[in-house]
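See below for the structure under consideration.
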Amino acid sequence: MLKFDINLLWTFINLIIFFVFMRLVLFKPIKKAMDKRQELIDKNINDAKKASDDAQQIKADYQEKMSDYENEGKQIIADAQKDAKLEYNKILERANNDADRIKSDAKRASEIESENARRAVKEQIAQLAIETAEKVVEKEVSAELDSDIYNKFLSESSED
């Protein structure tokens with residue numbers, strides 16, 4: 001059986017005193033240091049979460065702005081294309097108007113030139129008729145002379 005010895009009692013008392021001493025001197029400072037370390041870790045984790053949330057918010061803002069810029073860019077391009085098409089249509093209309101004007105001017109010039117040519121031909125015919133009449137008046141009138149004058153007139157008018 002177990003003997004109850006005074007040494008056992010002193011050992012037990014020493015253990016209790018040692019435990020209390022260790023608790024006061026060693027465990028409390030270690031616990032305080034561990035609590036401070038835990039608080040620091042918790043603070044760092046919270047700061048990291050906050051930084052991550054801030055980064056996510058900045059990223060979302062950035063993506064929203066990029067989307068807005070992209071939409072704005074598309075709108076600017078659409079407006080520029082619309083303006084370019086309007087300018088193209090104006091230029092095309094001006095070119096068509098100029099072409100119509102040039103055609104009508106050319107047609108008028110052609111008509112004037114044709115009219116001038118007709119007048120010149122008529123003047124030549126009149127001149128030939130006058131020359132023919134002068135020749136007829138100078139000579140006797142005869143069938144043979146009329147035939148000669150007619151042939152001469154045809155040969156002269158075909159040369160011109």
CD1 (Ile6) and CD1 (Ile13) are apart, to the nearest 0.5 Å, by 8.0 Å
Let me see the working for Lys32 and Asp35 under salt bridge (Lys or Arg N to Asp or Glu O under 4.0 Å), right down to the final yes or no. CA-CA 5 Å; Lys32 281 183 183 179; Asp35 288 343; over 6 Å; no
From Asp42 atom CG to Glu39 atom CD, the distance as rounded to the nearest 0.5 Å: 8.0 Å
Checking Thr11 side chain against Asn7 main chain: does a donor-acceptor pair fall under 3.5 Å? yes
Euclidean distance, Leu9 CG relative to Asn14 CG, rounded to 0.5 Å: 9.5 Å
Is there a side-chain contact between Lys107 and Glu111, using heavy atoms and a 4.5 Å cut-off? yes
Give every residue pair that meets the side-chain hydrogen bond (donor to acceptor under 3.5 Å, both in side chains) criterion with at least one member in residues 53-62, sequence neighbours excluded. Gln57-Asp61
Could you check whether any side-chain heavy atom of Arg23 comes within less than 4.5 Å of a side-chain heavy atom of Phe27, counting everything from C-beta outward? yes
Is there a donor in the side chain of Arg94 and an acceptor in the side chain of Asn97, or the other way round, less than 3.5 Å apart? no
Ignoring hydrogens and angles, state whether a donor on the side chain of Glu93 or Asn89 is under 3.5 Å from an acceptor on the partner side chain. no
Testing Gln75, Gln81, Lys82 one by one against Asp79 for a side-chain hydrogen bond (donor to acceptor under 3.5 Å, both in side chains), which residue passes? Gln75
Whether Lys50 and Asp47 form a salt bridge (side-chain N of Lys/Arg under 4.0 Å from carboxylate O of Asp/Glu) is what I want to check. no
So how far is it from Met34 CE to Gln38 CD, rounded to the nearest 0.5 Å? 8.5 Å
Could you give the distance from CD1 (Ile30) to CZ (Arg37), rounded to the nearest 0.5 Å? 15.0 Å
Roughly how far, to the nearest 0.5 Å, is the CD atom of Glu72 from the CG atom of Asp68? 8.5 Å
Transitive ILVMFWY side-chain link Ile76 to Tyr69, under 4.5 Å: no
Over 12 foreign heavy atoms within 6.0 Å of CD, Glu113: no
